[in-house]
Trainee: 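Would you mind keeping the following structure in view while I ask a few things?
By convention here, the first residue in the shown sequence is residue 1. Order of appearance sets the numbers: ligands from 1, and atoms from 1 within every ligand.
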Amino acid sequence: MARDFQLDTLLIHGGLEPGPAGATTVPIVQSSSFAHETAEDLEDIFRGRKAGHVYTRINNPTTESLERRLALLEGGISAIATSSGMAAITLAVLSIVRCGDEILSSASLFGGTFSLFRDTLSNYGIATRFVDPSDLAAMRAAVTERTRLIFVETMGNPRLDVPDLAALAAIAREAGVPLVVDATVTTPVLGRVKELGADIIVHSTSKYINGTGSAIGGAIIDCGTFDWRRESYPHFEPYVKKFRQFAFSARARKLIHKDLGACPAPMNSYLLSEGIETMALRMERNCANAQRLAEFLAAHPKVAWVNYPGLTSSPWHETAKAQFGGRYGALLTFGLADKAAAFHCIDGLRLAKNLANIGDTKTLVIHPASTICADFGPEEKALMGVSEEMIRVSVGIEAIDDIIEDFAESLNAI
Ligand SMILES: *Cc1c(COP(=O)(O)O)cnc(C)c1O
């Protein structure tokens, strides 16, 4: 499928090959392994002399179809689908760093990523420096000889800060390290971050890509833009020799992904593939509804504050506008008088679901301080923009009048 189709068309047709008997959806190849005629055939596949399938942990036709589609959407040279967004982040990072190396990361992160960097990877000799990514001077100053990658989210979940990706890409280039971008919250629909300088893109496909909360998944997209022929990446040398521009993809797939085993189930790859097709339409409505709900909440007397990049009150409004074509995502946070009021509000909602997910057709709310960020101390919560009186909303695609009515009724009853 040619790359010059517009995104809305690519979402539907890109990378999708005709299925058996004229099927227009990708077949679910629910098989753990794949038989071959001769011993020589299988040897050739194992040695990479011939294309073919071996074992679903390594590759699977349904998952490969999803990977082709995801690579096309982001303009990457290849993609690896994983069992979850956390698996994608873990594999992307471990494909780059070794013991003794450092990650320079945004301090405004999804809680799971923060915990992975701070609590898990630190036990294996991989340290992370956390810096506010909007403070470019501090980011530049935090680069050391050991820095091997810069990690940032397109919109911090849940702080909803919007770092200047082109400026961070310039810092990464200067430092000779790749920029790894978690684009879960914006998706390729709001903008391809490759064009802003991302070298590696990661997604939790569980969110807007799936879109209906029916499957967990993740993806790593290699933009093919980083040159791994550097002294600081000696472990890439054999991969650069053999795979050239595909060195990262090859090391990630043939070593880290294969060894850690975080592969998706074929059924989930199918569900995620289905989700891609409606993503542009959903995102348009998700974003428009979020803007309307943010404006309603900002004008409500019981609401202390609203944080949404689409409001001019957001310190990141201009950056978001410039980077994402006047669309601001579908996450917002707002504050009430205190934690009790926040709980009261959540309990009073009838339409919005109280649960730990984002990116659904349904409107979702959560009280982050007592749930997804409960394990973090006050200082860390502040870095992530989490406070006791705060509710996070992932705005769905229901009729906006019904969403607003739901919040109005609940707020009025506090
Ligand atoms: C949800 C999320 C993740 C983790 O993805 P899972 O699929 O839940 O493992 C990572 N980054 C961001 C920004 C997320 O919202």
Trainee: Compute the shortest N/O to N/O distance between Gly85 and ligand 1 and return yes if it is under 3.5 Å, no if not.
Mentor: yes
Trainee: Starting from atom 2 (C) of ligand 1, which protein heavy atom do you reach first, and at what distance in Å?
Mentor: Lys207 NZ, 2.5 Å
Trainee: Any idea how Tyr239 and Phe243 line up, ring-wise: parallel (<30°), tilted (30 to 60°), or perpendicular (>60°)?
Mentor: parallel
Trainee: For Ile89 and ligand 1, answer yes if some heavy atom of the residue is under 4.0 Å from a ligand atom, otherwise no.
Mentor: yes
Trainee: Hey, does Gly217 sit under 4.0 Å from ligand 1 if you only count heavy atoms?
Mentor: yes
Trainee: Output yes when the distance from some N or O of ligand 1 to some N or O of Thr113 is under 3.5 Å, and no in every other case.
Mentor: no
Trainee: Are Lys207 and Asn357 side-chain neighbours, meaning at least one heavy-atom pair lies under 4.5 Å?
Mentor: yes
Trainee: Over all heavy atoms of both residues, which pair between Ala183 and Ile201 is shortest? Give the atoms and the distance, please.
Mentor: CB-CG2, 3.9 Å
Trainee: Return the orientation label for the Trp228 and Phe248 ring planes: parallel under 30°, perpendicular over 60°, tilted otherwise.
Mentor: parallel
Trainee: Are any of the side-chain nitrogens in Arg350 or Glu409 under 4.0 Å away from the carboxylate oxygens of its partner?
Mentor: yes
Trainee: Can you report which non-hydrogen protein atom sits closest to atom 9 (O) of ligand 1, along with the distance?
Mentor: Met86 N, 2.9 Å
Trainee: By number and element, which atoms of ligand 1 are closer than 4.0 Å to a non-hydrogen atom of Ser84?
Mentor: 7 (O), 9 (O)
Trainee: Pull out every atom of ligand 1 sitting under 4.0 Å from any heavy atom of Asp182, numbered as shown with elements.
Mentor: 10 (C), 11 (N), 12 (C), 13 (C)
Trainee: Within the 3.5 Å criterion, strictly below it, is a donor on His300 or Asn412 matched to an acceptor on the partner's side chain?
Mentor: yes
Trainee: So if I apply the side-chain contact (heavy atoms from CB on, under 4.5 Å) rule between Phe34 and each of Ile45, Asn60, Val54, which one comes out positive?
Mentor: Asn60
Trainee: I'd like to check which ligand 1 atoms, numbered from 1 as shown, lie under 4.0 Å from a non-hydrogen atom of Ile358.
Mentor: 15 (O)
Trainee: Have a look at ligand 1 and work out which part of Thr205, if any, has a heavy atom under 4.0 Å from it: side chain, backbone, both or neither.
Mentor: neither
Trainee: Less than 4.0 Å between a side-chain N and a carboxylate O, is that true for Glu64 and Arg69?
Mentor: no
Trainee: Nearest heavy-atom pair of Thr62 and Pro266: which atoms, and what distance?
Mentor: CG2-O, 3.5 Å
Trainee: Could you tell me the residue and atom name of the protein heavy atom closest to atom 7 (O) of ligand 1, and the distance to it rounded to 0.1 Å?
Mentor: Ser206 OG, 2.6 Å
Trainee: Taking both backbone and side-chain atoms of Val185, is any N or O found less than 3.5 Å from an N or O belonging to ligand 1?
Mentor: no
Trainee: Distance to 0.1 Å, residue and atom name: give those for the protein heavy atom nearest to atom 4 (C) of ligand 1.
Mentor: Phe110 CE2, 3.3 Å
